[in-house]
Amino acid sequence: MNPVTQAIYSGLMAGGVYALLAIGLIVAFRTSRVLNLAHGETFAVGGVTAGLVAGMGVSKFIASIAALVVAMLYAVAVDQILMKPRRHLPISSLILITLAAAFLTRGVLMVAAGVDPLSFPRLFVGPPIRFAGGAIPLQGVALVAIGFTAAICVSLFLVRTPLGRKLRATAENPDAAELLGIDTDRMRLIASAIAGLLGGLAAVLLVPLTSIDYQAGLGMTLRGIIAAALAGMSPALAVVGGLSLGLSEAFVTTYFGALAQDPVIFAILIGVAVWQTRKIRFGGSQRA
Amino acid sequence: MKYGMIAGLVLTAGLATQALAQNVTIGVIAPTTGPIATVGTRQLQSLQYWAETANKAGGVKGKQVEIAHCNDEGSPEKAVNCARDLISRGVALLINCSVTGPILATMPLVVNGPVMLTPSPNVIPAASTYVFQTSPSDRSQTQALADFLKSGGVKKIGMVAATDSSGEIGVRSAQEVYPAAGIELNLARIDLRATDASIQLAKVAQADVKVIYSSYSGAGAASVVKSYNNLGLELPLVISYANISDAFTNLVKDEMPKRLLGTALKSVAPALLTADERAAYEAFEKGFKAWRGQQVDMLTLTGAMLADTAHAIIANVADPKDPKAVKTFLETTPIKSIQTLKFSPEDHVGLGKDGVAIVEFKNGVWVEAAGIK
């Protein structure tokens with residue numbers, strides 16, 4: 001087997017998931033200015049739902065649809081029940097509320113599903129595709145194709161469509177957006193629904209290749225935040241951010257070993273953060 | 001009136017003292033949430049089953065057994081807090097069902113007692129301490145696997161180990177044992193949060209490798225088995241001790257490798273036990289199944305061996321709170337259980353290489369593994 005090819009396949013699969021998580025985080029952030037630390041819970045809620053429903057003997061497709069619906073409803077509920085009545089609070093308080101929501105969700109998932117990990121059958125079954133000395137399962141190919149397509153579609157939706165522009169206007173200046181007749185509450189509801197749907201989609205695609213338990217959410221939030229930060233919180237660059245993170249992790253593991261993964265990834269993140277703040281540090285775009 | 005109150009107080013105090021004398025509290029540190037919750041939950045269930053059964057039968061030597069559980073979530077800091085709390089509550093024994101890091105972190109707290117029992121194969125307590133380990137050590141398991149591989153003429157093994165402290169110990173054992181047995185080791189490490197192990201497997205599954213061993217314990221180990229399938233590997237896969245559980249096999253049931261083997265307690269394949277041990281196994285299996293409604297697996301069996309050790313201590317040591325008396329008892333008396341534990345003044349690990357079996361998952365049960373061809 002060729003470790004380099006395998007690293008590319010592995011990086012693409014992870015990158016697809018990170019792109020979905022990043023774009024969901026960015027959509028929610030761009031409409032509310034709040035970094036949602038409960039975003040990874042959409043992944044956990046979706047994955048655990050699919051695992052539980054599939055465990056009842058229901059078809060894997062129905063289990064997947066249930067996962068998407070529940071993840072979307074969860075994200076909408078966090079926004080409408082926890083965030084909406086508290087929008088007047090400072091952003092730092094709202095971020096802490098999302099962290100509390102993440103821990104609360106963990107507890108609820110543990111009670112609902114127990115502590116043992118869950119999984120469910122692959123949607124795309126068949127022998128792995130072998131190419132250039134590596135192998136990728138059909139589910140992995142679907143993950144890469146659907147993950148990146150969905151992330152690109154959402155990016156285009158935000159940038160190109162009237163509704164997307166309304167969402168971005170809500171993010172840029174909610175007061176001005178309201179004066180222009182945009183229903184900002186509705187925009188935030190739509191943004192959280194999209195974010196939840198993407199988190200659920202990430203779970204439906206990834207969990208059959210691995211497993212999930214009640215505590216998977218915060219780890220996924222962290223990966224999503226890193227990918228979103230690499231993208232500069234820009235919806236157009238979310239795919240690039242996810243892909244960069246996935247491939248970086250894979251190549252660091254291949255060439256330097258798993259022990260080097262976190263130090264290298266966080267060093268890259270610090271480097272990107274320093275680069276992105278250059279305008280602030282140098283006082284203008286000319287020198288940067 | 002005044003004398004009546006005093007008499008009442010004296011009587012109440014007397015009754016309370018008598019009640020205390022009738023109870024033995026066993027402190028149990030077990031992660032029932034967190035990444036290693038599967039292990040802690042199952043071992044705790046075995047201990048709760050034992051306490052309930054013993055109490056219904058009138059207690060152990062007339063003493064009711066109380067389990068005081070503390071959830072350390074697999075975290076060393078929380079395990080230390082648990083140990084401090086349980087020791088301050090005056091528990092007679094401490095049973096630590098956590099993982100390597102948390103167990104090692106609590107060991108300095110019991111230098112003056114109470115006696116601490118642990119089932120972690122990664123912990124090798126010094127014979128001067130009050131810590132006793134009831135499983136075969138990681139090194140014994142590695143030696144058993146090396147013997148098994150050697151008998152099949154295997155010259156090279158691929159190994160995937162996690163980047164946590166359990167993984168470090170597994171790597172150390174492997175680096176000591178395999179070269180000495182004439183087996184070349186091809187090693188890759190995996191991050192605990194990894195969702196894909198195909199990079200590591202691609203690295204270790206080279207042409208002359210005949211078998212791959214995953215020493216990775218806990219929920220994430222499923223990623224190794226699933227990635228095995230993703231790569232279409234046909235080599236036998238050996239999984240580690242802590243993954244020989246129904247929870248784990250259920251998780252990977254749709255993704256089974258051609259041959260799934262494991263390093264396990266001999267009692268996982270009861271046919272390998274002596275007649276006495278098999279009788280103890282069958283009694284536990286029947287009772288646990290009726291109590292809990294679920295099959296026993298290796299994790300519940302390790303819990304049962306802890307329970308039998310605690311039972312033997314309470315039944316035979318006049319004051320189970322006296323660590324010196326308990327230490328002497330354990331060092332000089334074999335503990336009859338599903339597998340007989342033998343500690344000594346030189347060795348606080350109860351089972352050796354002969355307590356290990358290399359098992360294979362066939363038709364939904366673990367049986368003794370056939371050799372590697």
Side-chain angles (χ1 to χ4, degrees), chain A residues 1-11 13-14 17 51 55 60 106-107 110 114-122 125 127-130 133-140 206-216 219-220 222-223 246 249-254 257-262, chain B residues 31-42 71 73-74 160-164 167-168 187-207 209 218-233 245-248 250-255:
Chain A
M1 298 198 98
N2 185 336
V4 177
T5 312
Q6 202 54 52
I8 293 171
Y9 292 160
S10 181
M13 288 195 289
V17 172
K60 58 191 176 185
R106 258 182 177 215
M110 190 182 80
V115 295
D116 289 337
L118 299 166
S119 193
F120 55 95
R122 297 167 190 224
V125 187
I129 294 171
R130 295 179 188 283
I136 181 166
L138 287 183
Q139 178 83 18
L206 180 67
V207 174
L209 295 172
T210 171
S211 63
I212 191 161
D213 60 18
Y214 68 94
Q215 54 190 344
M220 284 300 170
L222 183 64
R223 305 281 175 95
E249 279 186 353
F251 278 101
V252 169
T253 304
T254 304
L259 286 165
Q261 193 175 296
D262 277 355
Chain B
T32 47
T33 57
I36 205 78
T38 301
V39 176
T41 304
R42 277 170 173 68
N71 176 12
E73 298 177 25
V160 178
T163 51
D164 63 348
E168 284 300 323
L187 176 71
R189 306 296 294 272
I190 184 166
D191 187 85
L192 282 176
R193 292 157 305 168
T195 53
D196 176 37
S198 60
I199 295 173
Q200 288 79 3
L201 290 171
K203 219 170 169 180
V204 301
Q206 292 165 357
V209 167
S223 301
V224 177
V225 180
K226 294 200 171 196
S227 297
Y228 216 76
N229 205 329
N230 294 344
L231 294 178
L233 291 175
S245 68
D246 286 349
F248 189 78
N250 280 338
L251 195 59
V252 298
K253 64 179 186 294
D254 299 322
E255 314 266 343

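To find a chain, count down the sequence lines: A is the first, B the second, and so on, and within it residues start at 1. If you're wondering where the values come from, they're calculated on a predicted model, not measured in any experiment.
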> Do Pro117(A) and Thr38(B) come close enough that some side-chain heavy atom pair is under 4.5 Å?
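The answer is yes; the side chains approach within 4.5 Å.
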> Is there a side-chain contact (heavy atoms from CB on, under 4.5 Å) between Thr33(B) and Met110(A) once you walk through the steps?
CA-CA 8 Å; Thr33(B) 57; Met110(A) 190 182 80; 2.8 Å; yes
> Quick check on the interface: out of Leu201(B), Val252(B), Asp191(B), who has the most heavy-atom pairs with chain A under 4.5 Å?
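With the most close heavy-atom pairs to chain A, the winner is Asp191(B).
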> In terms of heavy-atom proximity below 4.5 Å to chain B, should Leu206(A) be classed as side chain, backbone, both, or neither?
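Contact with chain B is through the side chain of Leu206(A) alone.
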> Quick test of your reading of the model: are Asp116(A) and Arg42(B) salt-bridged, counting only N-O distances below 4.0 Å?
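Yes, charged N to carboxylate O under 4.0 Å.
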> What part of Ala250(A) is in contact with chain B, defined as an atom under 4.5 angstrom from a non-hydrogen atom: side chain, backbone, both or neither?
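The answer is both parts of Ala250(A).
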> Can a donor-acceptor pair be found between the side chains of Lys226(B) and Ser211(A) at a distance below 3.5 Å?
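Lys226(B) vs Ser211(A): no donor-acceptor pair found between side chains.
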> Do the non-hydrogen side-chain atoms of Ile199(B) and Ser10(A) ever get within less than 4.5 Å of each other?
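Yes, side chains in contact.
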> Find the distance between OG1 (Thr210(A)) and CD (Glu255(B)) and round it off to the nearest 0.5 Å.
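If I round to the nearest 0.5 Å, the distance is 10.0 Å.
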> Let me know if Asp262(A) has heavy atoms under 4.5 Å from chain B in its side chain, its backbone, both or neither.
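For Asp262(A), side-chain heavy atoms alone lie under 4.5 Å from chain B.
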> Can Asn230(B) and Arg122(A) be counted as having a side-chain donor-acceptor contact under 3.5 angstrom?
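Yes, a side-chain donor-acceptor pair sits under 3.5 Å.
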> Any chance you could measure Gln6(A), atom CD, to Ser227(B), atom OG, to the nearest 0.5 Å?
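Between atom CD of Gln6(A) and atom OG of Ser227(B) there are 8.5 Å.
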> As an exercise: rank Asp254(B), Asp196(B), Val225(B), Thr41(B) by heavy-atom pairs under 4.5 Å with chain A and give me the winner.
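Option with the greatest count: Asp196(B).
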> For the atom pair OG1 (Thr195(B)) and CD (Glu249(A)), what is the distance rounded to the nearest 0.5 Å?
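One finds 7.5 Å between OG1 of Thr195(B) and CD of Glu249(A).
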> Out of Pro121(A), Ser119(A), Gly11(A), return the one with the most heavy atom pairs under 4.5 angstrom to chain B.
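Sorted descending by pairs with chain B, the first entry is Ser119(A).
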> Please flag which part of Thr163(B) lies under 4.5 Å from any non-hydrogen atom of chain A: side chain, backbone, both or neither.
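When you check distances to chain A, atoms from both the backbone and side chain of Thr163(B) fall under 4.5 Å.
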> For Pro128(A) versus Leu231(B), what's the shortest heavy-atom pair and its separation?
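Shortest heavy-atom contact: CG-C, 4.1 Å.
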> With rounding to the nearest 0.5 Å, note down the distance linking CD1 in Ile212(A) to CG in Leu251(B).
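So the gap between those two atoms works out to 11.0 Å.
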> Is it the backbone or the side chain of Tyr9(A) that comes under 4.5 Å from a heavy atom of chain B, or both, or neither?
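Answer is neither: Tyr9(A) stays 4.5 Å or more from chain B.
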> Between Lys203(B) and Thr254(A), what is the shortest heavy-atom contact and its length?
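Of all heavy-atom pairs spanning Lys203(B) and Thr254(A), the closest is NZ-O, 3.2 Å.
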> With chain A, which of Ala162(B), Gly34(B), Gly232(B), Ser245(B) has the greatest number of heavy-atom pairs at distances under 4.5 Å?
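The option with the most such pairs is Gly34(B).
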> Less than 4.5 Å to any heavy atom of chain B: does that hold for the side chain of Val207(A), its backbone, both, or neither?
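Just its backbone gets close to chain B.
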> In terms of heavy-atom proximity below 4.5 Å to chain A, should Gln206(B) be classed as side chain, backbone, both, or neither?
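When you check distances to chain A, no heavy atom of Gln206(B) falls under 4.5 Å.
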